[in-house]
Q: 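What follows is a single structure, and I will ask about it in a moment.
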Amino acid sequence: MSARTVVPVAVVLLTAVPVLLVCVGQALGLRIGRVGGRLRVQRSDSPRAGAWTWWRRAALVVVLGVVGLTPTTAATQAGGARVGVQVWFVVDRTGSMAAEDWGPGDPVVRGPGLPPEPAVQRLDGVRHDVVSLAGDLPGGSYAVVGFADEAGTQLPLTDDVNAVRAWAQTVTQEVTAGSAGTSRDRALEVLTRSLQDARDRDPAMVRLVFYLSDGEQTADAEPGSFAEVAELVDGGAVLGYGTAAGAPMREFDGVARPDAPYIPDPDDPSRPALSRADEAALREVAAELGVPYVHRDGPTPTADLVADVDVAAIAADGRADLSTQRDLVWPFALLAGALLAAEAWTWAHASSRRRRRTS
């Protein structure tokens, strides 16, 4: 049992405690008198009313004080919370996602001894899959967390699927000159905070995370583990883009140019640098999140990635039960009514006796 404190505790104490002390003092027959020039509490030989009357009044003060604090008790309403799907797309926007080795396209000759690869960027695969997955989960809420040299929420949770499409149409790789290396855990802190806030706000929601990346790790620091957010995730997948053979990437200065030069190889500037997908790293991220890994090499349907998402079955773990606080005032109010009735009867009886004596 707890208190909802409709009336502030300080107000209850300031009003109830002095009255309670007076009632108890009268019940015990105490009075304040001067003894030897000092005020002292003394027992009265003739209290103004019987002890029972004042104890009853003391009880009434206590009961009314409890009513003012408004006691409550916990209650659970089965299935009372709103249940639905919330989807997070964690998107790699580093320069390597511009590598041209995803899906259909005009082949690009990359150099001596290297086979041609389709001239479609990995980021184009991300665009396709984000829009496709949003369409496969109608009625859900969607958020996008992007990461490159920094991570941030690019689309807060929204139920507007058109906002997802608009984001997919405008997303770009990071500016090449500002690249600070790739770390696959760069979005971890932002994702964790977003998932925790969503859980606190809507605990009954089913939360899915789709991590879209090529898995490349160029930063020196050891990446953190996504296992710390696994308990907040009910499903999803890690989607991998690119090939182990690798592909070149065009430079990006903030304006998309199909004829932009390729990023040069730092060891041989006469050749373009190649970005190679790291599926082993992506499988590791998938294992940490507790979701499957799927390699994406073309604009194929994504419905099978969410075919086994059963919202009702996932929410059957009790998360849909709504915990509330129920006011428990009526027993104390009933008791206060009984004490007031006794007070009224006592007052009426005493008044009747006084009238009979004076008549």
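Note that these values count all heavy atoms, side chains included, but never hydrogens, waters or copies made by symmetry.
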Q: Could you tell me which non-hydrogen atom of A336 sits nearest to which non-hydrogen atom of L64, and how far apart they are?
A: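 Here A336 and L64 meet closest at CB-CD2, 4.0 Å.
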
Q: Between S270 and D268, which heavy-atom pair has the shortest distance, and what is it?
A: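 Closest pair (atom of S270, atom of D268, distance): OG-OD1, 2.5 Å.
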
Q: So if you build clusters from Ile, Leu, Val, Met, Phe, Trp, Tyr with side-chain heavy-atom gaps below 4.5 Å, do F252 and V171 land together?
A: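 Hydrophobic grouping puts F252 apart from V171.
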
Q: Hey, any chance V329 and L339 share a hydrophobic cluster, counting ILVMFWY side chains that come within less than 4.5 Å of each other, even indirectly?
A: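 In one cluster with V329: L339, yes.
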
Q: Looking at A244, is its backbone amide N or carbonyl O close enough to the side chain of E279 to form a donor-acceptor pair, meaning the two atoms are under 3.5 Å apart?
A: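 No; zero donor-acceptor contacts below 3.5 Å.
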
Q: Under 3.5 Å, is there a donor-acceptor pair between the side chain of D124 and the main chain of Q121?
A: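 The answer is yes, because a donor-acceptor pair under 3.5 Å joins these two groups.
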
Q: Test of understanding: clusters of I, L, V, M, F, W, Y form through side-chain heavy atoms closer than 4.5 Å, transitively. Do L212 and V294 belong to the same one?
A: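 The answer is yes; both residues are in one hydrophobic cluster.
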
Q: With the side chain counted from C-beta on, respond yes when V161 and P138 share a heavy-atom pair under 4.5 Å apart, and no when they do not.
A: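 V161 vs P138: side chains apart.
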
Q: A277 and G242: which non-hydrogen atoms are nearest, and at how many Å?
A: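 Closest pair (atom of A277, atom of G242, distance): CB-C, 3.6 Å.
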
Q: I'd like to know if the side chain of Y241 pairs up with that of D92 as donor and acceptor (distance under 3.5 Å, no hydrogens or angles considered).
A: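 Checked: Y241/D92 side chains show no N/O donor-acceptor pair below 3.5 Å.
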
Q: L191: which other cluster members, linking ILVMFWY side chains closer than 4.5 Å, directly or transitively?
A: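 When side chains under 4.5 Å apart are linked, the cluster holding L191 also contains W88, V90, V145, F147, L157, L188, V190, L195, V209, Y211, F226, V229, L232, V233, V238, L282, V285, L289, V291, Y293.
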
Q: At their closest point, which heavy atom of P248 faces which heavy atom of P272, and how far apart are they?
A: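 Distance-wise, the nearest heavy atoms are CB-CB, 3.9 Å.
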
Q: Mind checking what makes salt bridge (Lys or Arg N to Asp or Glu O under 4.0 Å) contact with R122, not counting sequence neighbours?
A: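 In terms of salt bridge (Lys or Arg N to Asp or Glu O under 4.0 Å), with neighbours along the sequence ignored, R122 is linked to D101, D214.
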
Q: Do side-chain atoms of T300 reach the backbone of R296 as a donor and acceptor pair under 3.5 angstrom?
A: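 Absent.
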
Q: CG of D327 to OG1 of T72: how many Å apart, nearest 0.5 Å?
A: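 Between atom CG of D327 and atom OG1 of T72 there are 6.5 Å.
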
Q: With sequence neighbours excluded, give me every ring-ring contact (aromatic ring centres under 6.0 Å, His included) pair touching residues 148-187.
A: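 Matches after skipping sequence neighbours: none remain.
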
Q: Using side chain to side chain contact (heavy atoms under 4.5 Å, CB included), reason through L208 and Y142 one step at a time and then give a plain yes or no.
A: CA-CA 10 Å; L208 308 180; Y142 319 93; over 6 Å; no

Q: Could you tell me whether the side chain of R165 and the main chain of V131 form a donor-acceptor pair under 3.5 Å?
A: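 Judged by distance alone, no pair lies under 3.5 Å.
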
Q: Side chains of T302 and D129: is there a donor and an acceptor less than 3.5 Å apart?
A: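 No, no side-chain donor-acceptor pair sits under 3.5 Å.
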
Q: Rounded to the nearest 0.5 Å, what separation is found between the CG atom of L123 and the OG atom of S96?
A: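 Rounded to the nearest 0.5 Å, the CG-OG separation comes out at 10.0 Å.
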
Q: Test your reading of the model: is there a side-chain donor-acceptor pair from R127 to the backbone of Q169, 3.5 Å cut-off?
A: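 Not a single qualifying donor-acceptor pair exists.
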
Q: Counting N and O atoms only, with roles assigned by atom type, does the side chain of E251 sit under 3.5 Å from a partner on the main chain of I263, one being a donor and the other an acceptor?
A: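 Between the backbone of I263 and the side chain of E251 there is no qualifying donor-acceptor contact (under 3.5 Å).
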
Q: Show your working on side chain to side chain contact (heavy atoms under 4.5 Å, CB included) between D202 and Q86 and close with a plain yes or no.
A: CA-CA 10 Å; D202 292 304; Q86 295 176 330; 3.9 Å; yes

Q: Look at the side-chain heavy atoms of Ile, Leu, Val, Met, Phe, Trp and Tyr, link any pair under 4.5 Å apart, and say whether L340 and W347 land in one connected group.
A: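 L340 and W347: separate clusters.
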
Q: How would you list, by chain and number, every residue that makes a side-chain hydrogen bond (donor to acceptor under 3.5 Å, both in side chains) with D160, sequence neighbours excluded?
A: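 Expected list: none.
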
Q: Determine the minimum heavy-atom distance between A134 and V164, stating which atoms define it.
A: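 Shortest heavy-atom separation between A134 and V164 comes out as CB-CG1, 4.1 Å.
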
Q: How many angstroms lie between atom CG of L28 and atom SG of C23, to the nearest 0.5 angstrom?
A: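 The distance works out to 11.0 Å.
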
Q: Name all residues meeting the salt bridge (Lys or Arg N to Asp or Glu O under 4.0 Å) criterion together with E343; count only those two or more places apart in sequence or in a different chain, and write none if there are none.
A: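 Salt bridge (Lys or Arg N to Asp or Glu O under 4.0 Å) list for E343, sorted by chain: R56, R57.
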
Q: Does Q196 have more than 12 heavy atoms from other residues, nucleotides or ligands lying within 6.0 Å of its CD?
A: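 Buried by this count: over 12 neighbours within 6.0 Å.
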
Q: What is the distance from atom CZ of R207 to atom OG of S141, rounded to the nearest 0.5 Å?
A: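 It is 12.0 Å, given to the nearest 0.5 Å.
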
Q: Treat each ILVMFWY residue as a node, draw an edge where side-chain heavy atoms are under 4.5 Å apart, and state whether V306 and V91 are in one component.
A: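 They do share one cluster, since a chain of ILVMFWY contacts under 4.5 Å joins V306 to V91.
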
Q: Report yes if the side chains of R250 and E100 come closer than 4.5 Å at any heavy-atom pair, otherwise no.
A: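 Yes. Closest side-chain heavy atoms under 4.5 Å.
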
Q: Which ILVMFWY residues are connected to L13, directly or by a chain of links, through side-chain heavy atoms under 4.5 Å apart?
A: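 Members besides L13, by chain and number: V7, V9, V11, V12, V17, L21, L69.
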
Q: Quick one: CG on D185 to CD on E228, what's the gap to the nearest 0.5 Å?
A: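 Answer rounded to 0.5 Å: 9.0 Å.
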
Q: I would like to know whether R184 and Q217 meet side chain to side chain contact (heavy atoms under 4.5 Å, CB included); could you show each step before the answer?
A: CA-CA 6 Å; R184 64 177 182 266; Q217 172 84 19; 3.7 Å; yes

Q: If we ignore hydrogens and angles and just use 3.5 Å, is the side chain of R93 paired with the main-chain N or O of M97 as donor and acceptor?
A: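 Such a contact is absent between R93 side chain and M97 backbone.
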
Q: Do F89 and Q154 pass the side chain to side chain contact (heavy atoms under 4.5 Å, CB included) test, and can you show the C-alpha distance, the side-chain angles, and the key distance before you say yes or no?
A: CA-CA 10 Å; F89 298 109; Q154 298 201 318; over 6 Å; no

Q: Just how far is it from atom OG of S275 to atom CD of E216, taken to the nearest 0.5 Å?
A: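 Atom-to-atom, S275:OG and E216:CD are 3.5 Å apart.
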
